[in-house]
Visitor: 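There's a structure below that I have some questions on.
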Number of protein chains: 2
Amino acid sequence: MGYDGLMRWQPDARGRLEEAAFALYSERGFDQTTVAEIADRAGLTERTFFRYFADKREVLFSGSDLLKTGFADAVAQAPSSAAPIDAVFAGLQAVAGFFEGRREFARRRRGIIAVNPELQERELIKMASLKDAVAAALRQHGVTEPAASLAAEAGVAVFHVAFERWTDQADEEKLLPFIRETMTQLKAVTAGA
Amino acid sequence: MGYDGLMRWQPDARGRLEEAAFALYSERGFDQTTVAEIADRAGLTERTFFRYFADKREVLFSGSDLLKTGFADAVAQAPSSAAPIDAVFAGLQAVAGFFEGRREFARRRRGIIAVNPELQERELIKMASLKDAVAAALRQHGVTEPAASLAAEAGVAVFHVAFERWTDQADEEKLLPFIRETMTQLKAVTAGA
DNA sequence: AAACGCTATGACAGCCACTGACATCAGTCT
DNA sequence: AGACTGATGTCAGTGGCTGTCATAGCGTTT
């Protein structure tokens, strides 16, 4: 039999909270949404929200762990003969796969984050964490510092720039070509003089 | 005659708040310090703290505006014949001057920030803002996107890595040599393959 | 010098993010 | 049935941050 209005013990509390937050942040904006409202919409309480997410921002970043491990694992599994920049590129290819078919979602999520400094801060620290993971994977490959950190910085910079250009596009296209082109241009820039 | 205990209308309220915050964050850590305590130590009230600083973190970042304009102005004033990466390097030289003789302060400040994720987030968004300013200066130079953004990312990455290595050093040395070396290594890494 | 006005600060009330402690509910095991 | 476990609810409290109004110091005007 169905549950009577009460949602307690309904499945996927975490997912419901994510959806509710995403919807409310879209409709009214992050600042104009309270955690109590998110919890209500998900049929839960504020306290439960904070059991699943460390804070009000984190609910938008549940995918970043997968992105991080996907990127770093691909770097770690690159042939050991590969130059650092090529190992990083292998990671970027994995990232491109990660976003396959999710451009519209990525676009709306970016819209929410773009208008709020607090959310931008969170996004930046996720990027920094991604960078650290990539650097660690490179070191595991025998790349020494500071080359590992710099190659990781370069890789994440390429991802960031390419990702923005991809979501700015009107048409549904693949992310990978943007990554390729951005990487080429980074090489051109740093080779200057 | 001197003032009797009350500090109202004592000069440099802002500076006193900065010093008090820096001291307390050092002694007990950021989380264990309340804004009321900072204000007390500065002889002011909590409300006044928030008139000078947007939030509890911002009090540690008052210098970042000077750093940003110093970096960006130097980029903008580089000879128009200079390649993007060389204009960026001119900016980095200005940054090195900015930190002249402030290594110990930079070191302690970094210690406060290093142990607190919220402060790291704030530092990261300041870096991003710095990057944006540098990119804008490059565009003003006629550099097109995405080269401007990428060169700016590269420049800020070099600053970041060099700065960390400089503050890790035990001896008081100049920042500029670290910047030179880091820049060289970035070029080597991105030239790979 | 008295009145005026301007700005920095204080005082107070309130919202909301976030936390700790304990109660309660649903399903499982025995 | 009764005990056990894990997810959720309830409640009280802390602290960051804001809006609003009162007040203190200081210069200016008349």
Side-chain angles (χ1 to χ4, degrees), chain A residues 1-22 24-25 27-62 112-113 116-122 125, chain B residues 1-22 24-25 27-62 112-113 116-122 125:
Chain A
M1 56 177 163
Y3 288 81
D4 52 37
L6 285 183
M7 296 253 186
R8 218 182 188 187
W9 278 264
Q10 198 97 344
D12 196 20
R14 184 187 186 93
R16 273 149 53 210
L17 287 166
E18 284 178 1
E19 279 179 31
F22 196 92
L24 288 169
Y25 293 170
E27 292 166 16
R28 330 184 178 170
F30 179 81
D31 282 334
Q32 282 63 48
T33 304
T34 69
V35 174
E37 289 168 342
I38 298 170
D40 271 0
R41 179 144 171 171
L44 294 164
T45 62
E46 196 178 345
R47 192 66 185 83
T48 297
F49 178 95
F50 287 110
R51 288 201 178 94
Y52 284 100
F53 304 100
D55 59 52
K56 193 184 165 188
R57 290 168 250 172
E58 197 64 18
V59 67
L60 278 176
F61 295 86
S62 64
I112 296 172
I113 294 174
N116 187 283
E118 298 177 59
L119 292 172
Q120 288 165 38
E121 289 188 341
R122 182 55 49 86
I125 207 169
Chain B
M1 55 174 163
Y3 288 82
D4 51 35
L6 286 184
M7 296 252 184
R8 219 182 189 188
W9 277 263
Q10 199 95 343
D12 196 20
R14 186 189 184 91
R16 273 152 51 212
L17 287 166
E18 284 178 0
E19 282 180 30
F22 196 92
L24 287 169
Y25 292 171
E27 293 166 15
R28 330 182 180 171
F30 179 81
D31 282 334
Q32 282 63 48
T33 304
T34 71
V35 174
E37 288 168 343
I38 298 170
D40 272 0
R41 179 144 171 172
L44 294 164
T45 62
E46 196 178 345
R47 192 67 185 84
T48 297
F49 178 95
F50 287 110
R51 288 201 178 93
Y52 284 99
F53 304 99
D55 59 50
K56 191 185 165 189
R57 290 167 249 173
E58 196 64 19
V59 67
L60 278 176
F61 295 85
S62 64
I112 295 171
I113 295 173
N116 188 283
E118 298 177 59
L119 291 172
Q120 289 166 37
E121 288 188 341
R122 181 57 46 86
I125 206 170

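Worth saying up front: this structure is predicted, and the values here are computed from it rather than measured. We name chains A, B, ... by the order of the sequence lines, and we start the count at 1 in each one.
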Visitor: Under the 3.5 angstrom rule, does the side chain of A:Gln32 hit a backbone N or O of A:Gly29 as a donor-acceptor pair?
Guide: no

Visitor: Round to the nearest Å and state the distance from B:Gln10 atom CD to D:dA24 atom C1'.
Guide: 15 Å

Visitor: Which residue lies toward the 5' end of DNA chain D, A:Thr48 or B:Phe49, if each is placed at its nearest nucleotide?
Guide: A:Thr48

Visitor: Heavy-atom distance under 4.5 Å between the side chains of A:Arg122 and A:Leu60, does that happen here?
Guide: no

Visitor: C:dA17 P sits how many Å from A:Glu37 CD, rounded?
Guide: 8 Å

Visitor: Assign each of A:Ala13 and B:Arg51 to its nearest nucleotide of DNA chain D by heavy atoms, then name whichever residue's nucleotide is nearer the 5' end.
Guide: A:Ala13

Visitor: When you get a sec, tell me which of D:dG9, D:dC17, C:dG10 is the closest nucleotide to the side chain of B:Asp55?
Guide: D:dC17

Visitor: So what does A:Tyr52 hit on the nucleic acid, given a heavy-atom distance under 4.0 Å: a base, only sugar-phosphate, or nothing?
Guide: sugar-phosphate

Visitor: Compare the minimum distances between each of C:dA17, D:dT8, C:dG10 and the side chain of A:Leu44, then state the nucleotide with the smallest one.
Guide: D:dT8

Visitor: To the nearest Å, how far apart are A:Asn116 CG and C:dA17 P?
Guide: 12 Å

Visitor: For A:Lys56, is there an ion pair with A:Glu118 - N to carboxylate O distance below 4.0 angstrom?
Guide: no

Visitor: What is the separation between atom CZ on B:Arg14 and atom C1' on C:dT7, rounded to the nearest whole Å?
Guide: 17 Å

Visitor: Identify which nucleotide among D:dT18, C:dA17, C:dA11 has an atom closest to any side-chain atom of B:Phe50, counting heavy atoms from C-beta outward.
Guide: D:dT18

Visitor: Rounded to the Å, how far apart are A:Phe53 CZ and C:dC18 C1'?
Guide: 15 Å

Visitor: In this structure, how many angstroms lie between the P atom of D:dT14 and the CD atom of B:Glu46, rounded?
Guide: 14 Å

Visitor: Can we say A:Glu18 and A:Arg14 salt-bridge, meaning some charged N sits less than 4.0 Å from an Asp/Glu carboxylate O?
Guide: yes

Visitor: From NZ of B:Lys56 over to P of C:dC16, roughly how many Å is that when rounded to an integer?
Guide: 21 Å

Visitor: For A:Phe50, give me all partners under side-chain contact (heavy atoms from CB on, under 4.5 Å), at least two apart in sequence or on another chain.
Guide: A:Val35, A:Glu46, A:Arg47

Visitor: In whole Å, I'd like the distance from the CD atom of B:Gln32 to the C1' atom of D:dG15.
Guide: 13 Å

Visitor: Counting side-chain heavy atoms from CB outward, which of D:dG16, C:dC12, D:dG9 is closest to B:Arg47?
Guide: C:dC12

